[in-house]
Amino acid sequence: GESVGLHLPTLSVQEGDNSIINCAYSNSASDYFIWYKQESGKGPQFIIDIRSNMDKRQGQRVTVLLNKTVKHLSLQIAATQPGDSAVYFCAESKIQGAQKLVFGQGTRLTINP
Amino acid sequence: EAGVTQSPTHLIKTRGQQATLRCSPISGHTSVYWYQQALGLGLQFLLWYDEGEERNRGNFPPRFSGRQFPNYSSELNVNALELEDSALYLCASSLGTSAYNEQFFGPGTRLTVL
């Protein structure tokens with residue numbers, strides 16, 4: 001069945017360093033990918049998205065890379081801050097039809113001072 | 001602008017009972033989605049409603065059901081509760097039916113089944 005997974009369940013980085021969170025997906029028909037951030041006690045918050053016709057997209061301090069050949073997605077966070085500590089989820093979807101998001105398990109990112 | 005709201009914040013039920021969870025979408029949003037987030041797991045898609053109709057359903061038994069009202073708010077009902085139904089139930093809303101429409105999440109309802 002469909003699955004979206006993460007290579008690392010936990011990640012700790014020093015404040016100011018860059019972090020990379022990885023995600024593998026199995027459904028080659030997925031054409032839309034999203035990264036969400038979930039802080040303790042809150043619902044997931046949209047960070048950045050990317051369509052399958054792109055391989056890179058940049059936002060404020062975040063970059064998402066998509067490698068369709070190996071079905072791999074990554075989220076890069078530059079100059080990490082304490083507020084970046086959270087659980088990060090990747091999600092996949094199809095533009096046509098289903099509308100449901102298939103989420104990965106999540107990676108807990110901890111920023112050490 | 002008010003975000004997605006959910007009630008109650010916490011809900012404690014016993015096995016076999018029924019639970020009703022409520023969600024109010026962002027004003028102007030017509031689509032409402034329900035997800036289950038069990039402890040230590042990712043979000044699992046439950047249901048999608050748009051314009052009062054159920055548009056898609058995840059791999060959950062029929063005792064998980066819901067509806068969307070004319071004002072676009074939504075209810076999730078879980079009948080014959082089982083211990084494994086204990087989870088955080090998240091509601092999200094979006095402007096329309098395109099997958100490009102960002103889903104905005106509420107804070108969730110924590111359901112505990114004893």
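Heavy atoms only: backbone and side chains are in, while hydrogens, waters and symmetry mates are out. Reminder, nothing fancy here: chain letters follow the sequence lines and each chain counts from 1.
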Legend entry - Flag side-chain contact, heavy atom, 4.5 Å: A/Gln38 against B/Leu90: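 Counting from C-beta outward, A/Gln38 and B/Leu90 do come under 4.5 Å.
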Inset, instruction - Carefully, step by step, assess A/Phe103 and B/Tyr35 under the rule ring pair (Phe, Tyr, Trp, His ring centres under 6.0 Å). - result: CA-CA 10 Å; A/Phe103 282 83; B/Tyr35 294 86; 5.5 Å; yes
Inset, instruction - Below 4.5 Å from any heavy atom of chain A, which atoms of B/Leu47 appear? Answer side chain, backbone, both or neither. - result: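 The answer is neither part of B/Leu47.
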Inset, instruction - Could you grab the distance from atom CD of B/Gln37 to atom CZ of A/Phe89, nearest 0.5 Å is fine? - result: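 Answer for the CD-CZ pair, B/Gln37 versus A/Phe89, is 4.5 Å.
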Legend entry - CZ-CG distance between B/Phe105 and A/Leu101, expressed to the nearest 0.5 angstrom: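 It is 6.0 Å, given to the nearest 0.5 Å.
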When you look at [atom1] of [X], are more than 12 heavy atoms from neighbouring residues, nucleotides or ligands closer to it than 6.0 Å?
{"X": "A/Arg51", "atom1": "CZ", "result": "no"}
{"X": "B/Asn71", "atom1": "CG", "result": "yes"}
{"X": "B/Arg63", "atom1": "CZ", "result": "yes"}
{"X": "B/Glu84", "atom1": "CD", "result": "yes"}

Inset, instruction - Locate the shortest heavy-atom distance separating A/Phe46 from B/Glu102; write the atom from each residue and the value. - result: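 Of all heavy-atom pairs spanning A/Phe46 and B/Glu102, the closest is CB-OE2, 2.9 Å.
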Legend entry - Shared hydrophobic cluster for B/Leu83 and B/Ile12 (ILVMFWY, side-chain gaps under 4.5 Å):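 As far as the 4.5 Å side-chain criterion goes, B/Ile12 and B/Leu83 are not connected within one cluster.
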